[in-house]
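A short write-up of the structure that comes next.
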Amino acid sequence: MPHTFSYKRLALACATGLLVAACSQGSSIESPGVTNPGTPPGGGGGGGGGGGGSGAAPCPTGFTCRATAVGGNTVAVVSGAVLTNLTLRNETGVVYEIDGRLDIGSDVGATGTAGGTAARLTIEPGVTIFGTSGQDYIVVNRGSQIEANGNAANPIIFTSQNDIERRADNDPTNDDGGSNIGEWGGMVILGQAPINRCRDAATPGTAQCENIVEGVTNPDALYGGADAADNSGILRYVQVRFAGFAINTQGNELNGITLAGVGSGTTFEYVQVHNGSDDGIEWFGGTVNGRYLVVTGADDDSLDTDNGFQGRNQFVVVRQRTDGGDNIVEASSVGPGVTPLSNATFSNFTFVGDRTNAFRLNTGTVGRYVNGVVNFGDPCFRWEASAGDGQAGYSQANDPRFQSVLFDCTALNTGNSDAAAASGAVNADPNNLVGANSLAATFFPGPVESGITAVNPSTIDLFFQPANYAGAFSPTETETNNWAAGWTVGLFPPATCPTGTTDSGFDINGTTVCRITGVITDDIRLTRGNFYEIVNRVDIGIDVGADGTAQGGDAGSLTIESGVTLFGDSGADYIVVNRGSQIFSNGTRTNPVIMTSEADVTNAPGDRTDAISEWGGLVILGRAPINRCRDAATPGTVACENIVEGVTNPDALYGGATANDNSGSLTFTRVQFAGFAINTQGNELNGITFAGVGSGTNVANIQVHNNSDDGVEFFGGGVNVRYLVLTGNDDDSIDTDNGYNGRIQFAIVTQRANGGDNINEASSVSPGVLPSNPMVANFTLVGNRTNAWRLNTGTVGRYMNGVVDFGKQCFRWESSAGDGVAGYNIQADPRFNSVLFDCDGGVATGNSDAAAASGAISADPNNVIGASTLTGTFINGANETAVTAIDPNSVDPWFMTTTYAGAVQNNQDRWWADWSCGLEASSPC
């Protein structure tokens, strides 16, 4: 099997001593989201320890250095109280050790008059600072500042000695440290901003209200004041790894980062806490705002808001690890009505985990959570009745609020939750959604997330950036191109072949190729980051029969994440989704699912204009009614089933009596260069075959390009389709047979110059037998091959709001079409409403029922025979705009209301753009 150059093959050649010149060049490829997979940077612009090697780098001026190296780096020691400004410089081969409690400044008090000393710790980009135990931690006292201002290429890393040594071993399995936690203390930043829990009798939110921060003793450390705009410095592009420590008793612990009374003058963005043994980030009061925050693997709560915290955070990702963690959010306060309220606002967040609760909302906390995605393997809420205003049930003004949030949890509430309050909060906003997520690569939006109507967070507070999507990442971001890639650790692990597939041992342009083959009776998920090779016939499930009771039947499901590409190498490679099984092809506008050929993905040389039949195609089989039975049976009943064309050894069956049968979902999916003749003419694989597929199946935004047989063929069933693009198909573009009764709206069809037959071929069994009766609205048909419609025996159908620009005759209308009586019967023959017919060869072919064709056109005064003025091939011009449209919603409520003919109203109507190919020069197939 031909493949392009493979890095795996290069690695093998290097190992055996071949290709020495190529091997000596090395590789610059790193796993996205895993910063510096070797030792954390000790200098030299973020390199793994720089040139120090065995600790040969000189000791920085002004520092005392250890006698022994750590991970090959020279170790400069920082300890005690820093009472003057100090800079940790990025020097090649040097790392900095925190020895014991490191105080930056000494407390100046809530108003700066307590007699302490202010100092600033400046840390240059690319510096690594470490501790050896939980006794080693940093305290930035009130009035002092930390300026850790890294950048994406050179983040500042606070970590443990163990981590540096693990990474010096160059073991890629240690990139994220596994489940190691609590290997040093952490970072505590103390400010003068308002809090609501006072250690002495004082009015909350005033300068007199201060408190002792948890996790710091001997001496205690204070926080709080009345300066909401207090500035404790900058944390930007910072990682805190493997921190957290219990000082003495449960609940008095060091978090990864503690922000206590920290004010809004502080910059807190591009910050990650990884594998902390207590909370990831905990806010004790204050007003600090954050952007681009990542918490991974925290052993307690990931995000903990307490004591009157009123900050705003946008673009937040949390992922719990499988063997540790508690709540993702724990929100607490003093009591209902104590100001400043604990009232954090989070916008654009993605929470992934399965430990305890997604939200634990405690006494007196309010909060607002907008544009979020929650994928959680336990209940969403533990909602205390005392949360918010302290009254059981939900009060929108005074309780936590949720807007435009997807909740995918095992249940909404724990057993000890205020269920009425939680349900009330979810139901209060119509844009909240409780249901299954479709996230790709763990964090990135699929069609479900893309379908959420988002809040513009900038209308809530001007701190927030406009973001018209739910989740931490936008629909245009991928795992290699997003705000978290390159400077975080362990967030996006290297792609591996998922369960149910096998690693082929090949890659294409550096991307691993996983193989899928055989019979799939489990639920498998094709994750983003790999190519997937379809090897021979792939069956999803084993046929369960028309009524679900077939002996040996076994349902399975195939889920394909957005942005995934599958390919086959020949017509023998195709997918069959059997009755009772499902496919979920979860593409999005900017990351469609693509099913294509190996020649396509490997960029085989040659002109692709007429490339067809390079792999098999997709066949979906359902249990909805059909009218052509392989045995003696009544059409439309459970006993009426048939063998689908194009599939043999063994044959595959479709049909039943479940009109709303659900075979899954296809959204933003392209099938290209497919189609194959199995043995005889007419027994061929189409691009997509829908056979007995029911109306419970969701199909929207699909394209079939350059198929060697039909683009889409419907054998009975009643599946509905919105936003259909068919380009360059070699036989019929849309083929409806065997009692198909579905609806199609918004369809663009273009034929290629060197291939194609009819644009529409409509057939059935015979007049009056559960007729094929499709309804199609808002279509634009462009071509010059054979006929725009071939209407065969027994088919009816209704076609509304169409534009036909065709180089030959519009119709080949069989006399047996519809009611099977020559001439036109408006009740029982195909109908046309508000259609512009521009056919160079006239209305009908010579062997057509011309009276029926002409009668169908003249039956509606809003049909027009005349010249089209389409621009850009398929976009309405003046003559199309002049057509008086019918409201298809008045014919059937499934249709969306439209006021125009054609698939594309004008130049601003770009529903087809971004995800389809071949319709404009900038997006070739």
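Residue numbers run from 1 in the order of the sequence given.
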Are any of the side-chain heavy atoms of Leu235 and Met187 separated by less than 4.5 Å? yes
With a 3.5 Å distance limit and no angle check, can you tell me whether Asn231 reaches the backbone of Gly233 through a side-chain donor-acceptor pair? yes
Exam field: side chain Ser106 to backbone Thr117, donor-acceptor pair closer than 3.5 Å: yes
Taking only residues two or more places apart in sequence or in another chain, which ones pass side chain to side chain contact (heavy atoms under 4.5 Å, CB included) with Ile212? Arg199, Asp220, Leu222
Testing the 3.5 Å rule here: is there a donor-acceptor pair between the side chains of Thr132 and Asp136? yes
Would you say that Phe473 contacts Leu439 through its side chain, given a criterion of any heavy-atom pair below 4.5 Å between the two side chains? no
Donor-acceptor pair, side chain of Asn313 and main chain of Leu293, under 3.5 angstrom: no
Apply side-chain contact (heavy atoms from CB on, under 4.5 Å) to Phe130 and Trp184, showing your working. CA-CA 8 Å; Phe130 73 89; Trp184 69 289; over 6 Å; no
Could you tell me whether a side-chain N or O of Asn482 sits under 3.5 Å from a main-chain N or O of Thr478, the two making a donor and an acceptor? yes
Donor-acceptor contact present, side-chain Thr266 to main-chain Val288, <3.5 Å: no
Looking at Ala243 and Gly185, what are the two nearest heavy atoms and their distance? CB-O, 3.5 Å
Backbone N/O of Ala229 and side chain of Asp227: donor-acceptor pair under 3.5 Å: yes
Under 6.0 Å from the six-membered ring centre of Phe463 and within 45° of its axis: does the NZ or CZ of Arg291 meet both? yes
Gap between atom CG of Asn255 and atom CD1 of Ile281 - 0.5 Å precision: 9.5 Å
When rounded to the nearest 0.5 Å, the distance separating CG of Asn211 from CG of Leu190 is 11.0 Å
Any donor and acceptor pair, going by atom type alone, linking the side chain of Tyr237 with main-chain N or O of Thr488 inside 3.5 Å? no
Short question: side chain of Ser347, backbone of Pro457 - any donor-acceptor pair under 3.5 Å? no
Any side-chain donor-acceptor pair under 3.5 Å between Tyr223 and Asn307? yes
Could you check Gln145 against Arg120 for side chain to side chain donor-acceptor pair (under 3.5 Å), going step by step and ending with a plain yes or no? CA-CA 5 Å; Gln145 294 180 322; Arg120 179 187 300 110; 3.3 Å; yes
Would you call Glu183 and Arg166 a salt bridge, taking side-chain N to carboxylate O under 4.0 Å as the test? yes
Parallel, tilted or perpendicular, as decided by the 30° and 60° cut-offs, for the rings of Phe309 and Trp283: parallel
Side-chain contact test, heavy atoms from C-beta onward, threshold under 4.5 Å: evaluate it for Val82 versus Asp103 and give yes or no. no
If you take all heavy atoms of Asn149 and Ile156, which pair is closest and at what distance? N-CD1, 3.4 Å
Asn509 vs Asp507, test: side-chain contact (heavy atoms from CB on, under 4.5 Å). Steps then yes/no. CA-CA 6 Å; Asn509 299 325; Asp507 57 54; over 6 Å; no
Report yes if some heavy atom in the side chain of Val108 is under 4.5 Å from a heavy atom in the side chain of Gln192; otherwise report no. yes
Beyond-backbone contact of Leu303 with Val295, side-chain heavy atoms, under 4.5 angstrom: yes
Can you tell me how far apart CD1 (Ile157) and NE2 (His274) are? Round to the nearest 0.5 Å. 11.0 Å
Is the side chain of Asp301 donor-acceptor paired with the backbone N or O of Asn327 at a distance under 3.5 Å, no angle test? yes
If you look at every heavy atom in Ile195 and Gly286, which pair is closest and at what distance? CG2-N, 4.2 Å
Go through the steps to decide whether Ile164 and Thr128 satisfy the test side-chain contact (heavy atoms from CB on, under 4.5 Å), and finish with yes or no. CA-CA 9 Å; Ile164 295 175; Thr128 292; 4.0 Å; yes
Distance in Å, Gln314 CD paired with Gln465 CD, rounded so as to fall on 0.5 Å steps: 5.5 Å
Kindly give the heavy-atom pair with the smallest separation between Ala484 and Val294, and that separation in Å. CB-CG2, 4.5 Å
I want to check something: taking the side chain as every heavy atom from C-beta on, are Gln272 and Val240 in contact at a cut-off of under 4.5 Å? no
Atom CD in Glu97, atom CG in Leu102: separation rounded to 0.5 Å? 11.0 Å
Okay, side chain of Thr287, backbone of Ser264: is any donor-acceptor separation there less than 3.5 Å? yes
Those residues at least two apart in sequence (or on a different chain) that pass salt bridge (charged side-chain N to carboxylate O under 4.0 Å, His left out) with Asp306 are none
Return the minimal non-hydrogen interatomic distance between Thr92 and Ala57, and the atom names on each side. O-CB, 3.3 Å
Test ring pair (Phe, Tyr, Trp, His ring centres under 6.0 Å) applied to Phe444 and Phe492, step by step: CA-CA 11 Å; Phe444 296 91; Phe492 309 123; 5.7 Å; yes
So which atom in Thr64 and which in Cys59 form the shortest heavy-atom distance, rounded to 0.1 Å? C-SG, 4.0 Å
Salt bridge or not between Asp299 and Arg321? Use side-chain N to carboxylate O under 4.0 Å. yes
Does the side chain of Asp230 reach to within under 4.5 Å of the side chain of Val262, using non-hydrogen atoms? no
Walk me through it: do Leu254 and Val188 pass the test side-chain contact (heavy atoms from CB on, under 4.5 Å)? CA-CA 8 Å; Leu254 284 165; Val188 179; 3.6 Å; yes
Going from CD1 on Ile146 to CG on Leu121, what distance comes out if it is rounded to the nearest 0.5 angstrom? 5.0 Å
Anything under 30° is parallel, anything over 60° is perpendicular, the rest tilted; go ahead and classify Trp483 against Tyr292. tilted
In the structure I gave you, are the side-chain heavy atoms of Val95 and Thr74 within less than 4.5 Å of one another anywhere? no
Kindly assign one of parallel, tilted or perpendicular to the pair Tyr469 and Phe315, based on the angle between their ring planes and the thresholds 30° and 60°. parallel
